[in-house]
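Here's the structure we're looking at; comments come further down.
As the structure lists them, so they are numbered: ligands from 1, and atoms in each ligand from 1. Position 1 is the first residue of the sequence; numbering continues from there.
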Amino acid sequence: MKLRFTKMQGAGNDFVVIDATQAPVHLSHTQIQHIANRYFGVGCDQLLMVETTDTPGIDFRYRIFNADGSEVEQCGNGARCFVRFVVDKGLTDKREIRVETASGNLTLTLQDDGQVTVNMGAPRFAPAQIPFEAEAEATAYELPLEDDTVTISAVSMGNPHAVMLVDNVHTAEVALLGPQIESHPRFPQRVNAGFMQVLNEHEINLRVYERGSGETLACGTGACAAAVSGIQLGTLQSPVKVHTRGGILTISWNGSNSPVMMTGPADIVFEGDIEI
Ligand SMILES: N[C@H](CCC[C@H](N)C(=O)O)C(=O)O
């Protein structure tokens, strides 16, 4: 089967976007893994499937699949690329778009400068045991690893995040600790592992070892989770400029059940067809 795709990136987090609005597209785990493979396929951190929906008041549905083929609840950078895709493809003439995802509905706005703002909804806090119950506060938890114990904050943005403070993201042991945190038994659904360096009360450096994809150049929900945990723990104040290896994301949050707002770039890189 020849599959048309659009390659996109948001702050260096890259995606293969499939337009399934004209006809359903069904891809197996193996097919998604092949498409995401950077040597034998197109290469991407996640694959996004754009679909129609009959839900009143909602414009589209979009589904998110990690490079390992796992379908997940939410993707912040992907949400921005989704908006750029449906606008540039003429699938909508709106600039404020409501989209249905596996973890709820999002409102996304394409700004005049080309950046996209996403209302990511309210964060949820929880002990390191999953599923995330709606605890009111982010709390620092000791997470025992193979040869180490790290302190993390468990924050859900619809998808699960474990955020740890580091002195310097460039020397943080992301490759060693990331996989251990991602697959830690206290996260039965696995987890995205964030490594946050506080620069000042409005700026952080962040690296994220993503569940199902490994370290990416940026993680939108990870940026939200890091900013929220820092604000909750009193080390950060809104808005927070998040410096990732692929670009800058701006996160705003006024606490408790208020929504987390994320703004950042989204661009089309190329179009293509792949035989799968
Ligand atoms: N790896 C994530 C999904 C993609 C999130 C990330 N790319 C973003 O921009 O939020 C997970 O398994 O929950």
Check your understanding: Under a 4.0 Å heavy-atom cut-off, what residues line ligand 1?
Key -> Asn13, Gln46, Asn66, Val72, Gln74, Cys75, Gly76, Asn77, Asn159, Asn192, Glu210, Arg211, Cys219, Gly220, Thr221
Study note, to complete from the structure: Sorted by chain and number, sequence neighbours left out, ring pair (Phe, Tyr, Trp, His ring centres under 6.0 Å) with Phe82 holds for Phe60, Tyr62
Review point. Is a salt bridge present between Asp59 and Lys94, judged by a nitrogen-to-oxygen distance below 4.0 Å?
Key: yes
**Study point:** ILVMFWY clustering at 4.5 Å (side-chain atoms), partners of Val16
**Key:** Met1, Leu3, Phe5, Ile18, Val25, Leu27, Ile32, Ile35, Val42, Leu47, Met49, Phe65, Val269, Phe270, Ile274, Ile276
Review point. With sequence neighbours left out, which residue pairs that include part of residues 212-232 fulfil the salt bridge (charged side-chain N to carboxylate O under 4.0 Å, His left out) condition?
Key: Arg207-Glu215, Glu215-Arg245
Check your understanding: So, Thr55 versus Glu100: side-chain donor-acceptor pair below 3.5 Å or not?
Key -> yes
Review point. Taking NZ, NE, NH1 and NH2 as the nitrogens, is one of them in Glu182 or Arg190 under 4.0 Å from a carboxylate oxygen of the other?
Key: yes
